[in-house]
Amino acid sequence: MLETRGYRVTIQKFDPYINIDPGTLNPYEHGECYVTVDGHEADLDLGHYERFLNISTTKANNITTGRIYQNVINKERRGDYLGKTVQIVPHITDEIKRNIMLLGTKSQFDFVITEIGGTVGDIESLPFIESVRQLCWELGNNCLCVHLTYIPFIAAAKEVKTKPTQHSVKTLQGLGVQPEILVLRTETELFKDICKKVALFCNVEESAVIQSYDVPSIYEVPVVLAKQKMDEIILRKMNLAVGDPPDMKLWIEFLNRMKTAKKSVKIGLVGKYVELPDAYKSINESLLQAATYHYRKLELRHIHSEKIDNENAEALLSDLDGILVAPGFGQRGIEGKFAALKYAREHDKPTFGVCLGMQCMVIEFARNVLGLKGANSTEMDDQTPHKVIDLMEDQKNLINMGGSMRLGAYDCKILPGSKAFQAYNKELVQERHRHRYEFNNEYKDQFEAHGMKCTGINPESRLVEVIEIPELKWYVGTQFHPEYNSTVVNPNPLFMSFIEAAIKS
Ligand code: GLN
């Protein structure tokens with residue numbers, strides 16, 4: 001809302017856990033690991049920030065307790081504290097405040113929205129809340145505290161409870177922070193008297209008690225908040241001119257398409273985390289954005305890669321319009337990905353392989369078309385006779401696993417005339433990476449001679465970034481993750497092209 005009013009806005013997330021970044025966490029912990037252009041492995045919320053704001057975030061947008069402590073300890077070792085005892089207040093809190101102020105001073109943003117993860121009352125988030133208290137005091141009207149609370153609905157009694165909100169605000173007040181705006185997270189729209197009651201108990205103006213009730217799509221949330229004039233309240237409280245209401249035309253057009261689309265496009269996502277939708281968050285959103293732009297409802301079927309084989313592939317995949325083989329790490333579910341790809345290739349289904357998905361396309365082709373028995377990635381089998389996917393040279397002697405993959409945006413030169421070129425309509429693109437293994441260039445000629453072409457190459461390292469089978473309708477694999485830069489107003493071209501092919505098939 002602030003962005004559509006012309007302000008330059010960025011959002012950062014503070015995660016109170018001790019990991020330096022979420023890169024080493026498995027998806028069961030916090031869902032997908034998102035990657036920024038500058039190669040930071042980040043919380044998946046940064047993906048939401050980019051999809052909503054259409055900006056690029058960086059390492060400075062995601063900070064953990066681990067990073068804060070690491071910086072302070074490094075400074076202590078360097079002797080920066082000149083013999084002082086290093087303590088949570090002021091040293092840790094100063095470092096937190098420095099990281100909040102950094103985006104405002106360095107990058108010229110008008111608004112830096114800082115989200116503190118966790119829940120008020122957590123032991124881990126105390127230094128963050130203390131830093132917020134200090135900042136509110138230091139910055140006066142230039143700082144505004146918004147508190148998000150929960151209003152549970154007791155289904156059996158058909159009533160909502162405001163007590164958890166009251167308690168949470170009291171705890172926050174006990175820590176010296178008075179929220180000026182409350183956002184009540186609820187299942188259904190609340191009656192006005194509930195908001196009135198909350199306002200009374202929490203020292204917050206009634207108009208500043210905003211509801212955030214469940215809506216069918218996360219992209220409807222800004223509209224719900226705009227209806228309650230949340231942006232106006234923020235501007236007023238920060239002594240800024242209110243001016244004209246935000247022009248959310250593009251956004252509303254997108255929502256209308258999503259709501260009114262009649263026909264659907266059926267996509268199968270083959271991966272090992274079917275029970276965990278957040279594991280493929282950016283892919284799901286990229287597919288939804290592309291489907292919406294093509295005026296289709298996205299019908300997404302998650303297919304468990306451990307449950308698919310050559311026998312049941314037909315039954316599981318034949319009615320789909322397109323198949324996406326997901327990224328991932330490790331052996332589990334890998335044979336199912338080969339089975340899905342064999343079926344897709346032999347039946348000419350539009351198919352998209354992302355990162356490990358692309359590597360699986362290469363391995364399946366090596367085994368079943370080139371006849372290279374036992375071909376594999378050395379990630380799955382280091383004794384394979386045909387290392388068609390192999391560890392990158394600079395990965396061979398690594399000891400630290402955190403933050404050491406090939407990460408962030410790299411150039412990719414696209415071959416004119418290829419499917420990838422048709423999608424991007426330009427020769428040089430930048431896409432983000434997160435991997436240790438790569439296509440083995442020693443096999444390149446053999447693949448190309450038999451119909452799998454390398455259509456995207458990194459101009460400096462010669463690493464293969466895109467492969468495709470031109471004679472099929474749409475069979476494209478990317479070593480990079482195009483899903484990371486797909487936003488509501490700027491959907492990624494490869495996803496657009498994949499969905500287009502799926503609709504046509
Ligand atoms: N595991 C593969 C690699 O490290 C692919 C990674 C991914 O899919 N993000 O190269």
Side-chain angles (χ1 to χ4, degrees), residues 21-37 39-42 44 47 269-274 276 278-284 286 305-306 323-338 340-341 351-364 366 375-382 384 387-398 400-410 412 431-441 443 454 456 458 461 463-467 476-486 492 494:
D21 61 47
T24 54
L25 293 172
N26 90 42
Y28 288 109
E29 298 284 321
H30 293 270
E32 153 191 292
C33 175
Y34 187 75
V35 180
T36 59
V37 271
H40 177 65
E41 295 174 287
L44 59 70
L269 175 63
V270 183
K272 62 180 168 183
Y273 297 112
V274 270
L276 197 73
D278 271 3
Y280 306 115
K281 193 75 203 163
S282 296
I283 289 183
N284 297 348
S286 305
S305 53
E306 283 180 295
I323 297 169
L324 191 147
V325 180
F329 294 83
Q331 167 70 31
R332 186 163 74 88
I334 200 87
E335 294 296 328
K337 289 187 172 173
F338 299 144
L341 286 168
T351 305
F352 197 175
V354 176
C355 206
L356 180 63
M358 169 268 194
Q359 297 175 354
C360 289
M361 283 176 154
V362 170
I363 298 166
E364 188 279 323
N376 214 332
S377 160
T378 46
E379 179 183 7
M380 316 304 161
D381 173 10
D382 55 9
T384 168
K387 305 174 178 181
V388 288
I389 303 291
D390 199 4
L391 199 57
M392 282 182 277
E393 210 41 53
D394 57 4
Q395 293 283 327
K396 290 196 172 146
N397 297 314
L398 280 178
N400 270 343
M401 285 297 133
S404 59
M405 282 187 240
R406 180 172 181 238
L407 290 167
Y410 284 89
C412 172
E431 293 282 5
R432 301 179 210 179
H433 295 250
R434 183 173 186 251
H435 63 116
R436 293 189 200 282
Y437 294 81
E438 58 158 321
F439 179 92
N440 183 347
N441 272 324
Y443 288 89
C454 302
N458 177 286
S461 60
L463 291 180
V464 172
E465 311 279 25
V466 187
I467 57 100
V476 179
T478 61
Q479 185 60 79
F480 50 72
H481 291 261
E483 72 274 21
Y484 289 144
N485 71 11
S486 195
N492 180 279
L494 279 177

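Note that ligands are numbered from 1 as they come in the structure, with each ligand's atoms numbered from 1 the same way.
- By the salt bridge (Lys or Arg N to Asp or Glu O under 4.0 Å) test, R436 pairs with no residue at all, sequence neighbours left out.
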Q) Does the pair E483 and R434 meet the rule for a salt bridge (Lys or Arg N to Asp or Glu O under 4.0 Å), with working shown? A) CA-CA 12 Å; E483 72 274 21; R434 183 173 186 251; over 6 Å; no
Tabulation required: pairs of a nitrogen or oxygen in ligand 1 and a protein nitrogen or oxygen under 3.5 Å; columns are atom names and distance to 0.1 Å; otherwise 'none'.
from: ligand 1; atom 1: 1 (N); to: G328; atom 2: O; distance (Å): 3.0
from: ligand 1; atom 1: 1 (N); to: E379; atom 2: OE1; distance (Å): 2.7
from: ligand 1; atom 1: 1 (N); to: E379; atom 2: OE2; distance (Å): 3.1
from: ligand 1; atom 1: 4 (O); to: R436; atom 2: N; distance (Å): 3.0
from: ligand 1; atom 1: 8 (O); to: G328; atom 2: N; distance (Å): 2.9
from: ligand 1; atom 1: 8 (O); to: G328; atom 2: O; distance (Å): 3.3
from: ligand 1; atom 1: 8 (O); to: L356; atom 2: N; distance (Å): 3.0
from: ligand 1; atom 1: 9 (N); to: R434; atom 2: O; distance (Å): 2.9
from: ligand 1; atom 1: 9 (N); to: H481; atom 2: NE2; distance (Å): 3.2
from: ligand 1; atom 1: 10 (O); to: Q359; atom 2: NE2; distance (Å): 3.1
from: ligand 1; atom 1: 10 (O); to: R436; atom 2: N; distance (Å): 3.2
from: ligand 1; atom 1: 10 (O); to: Y437; atom 2: N; distance (Å): 2.8

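- In this view, S305 and V270, K272, K337 satisfy the side chain to side chain contact (heavy atoms under 4.5 Å, CB included) rule, not counting sequence neighbours.
- The aromatic rings of Y273 and Y28 stand perpendicular to each other, their planes meeting at an angle above 60°, with 30° marking the opposite boundary.
- Between the side chain of N440 and the main chain of K387, a donor-acceptor pair closer than 3.5 Å is present.
- Judged as a salt bridge (Lys or Arg N to Asp or Glu O under 4.0 Å), and not counting sequence neighbours, E32 has no contacts.
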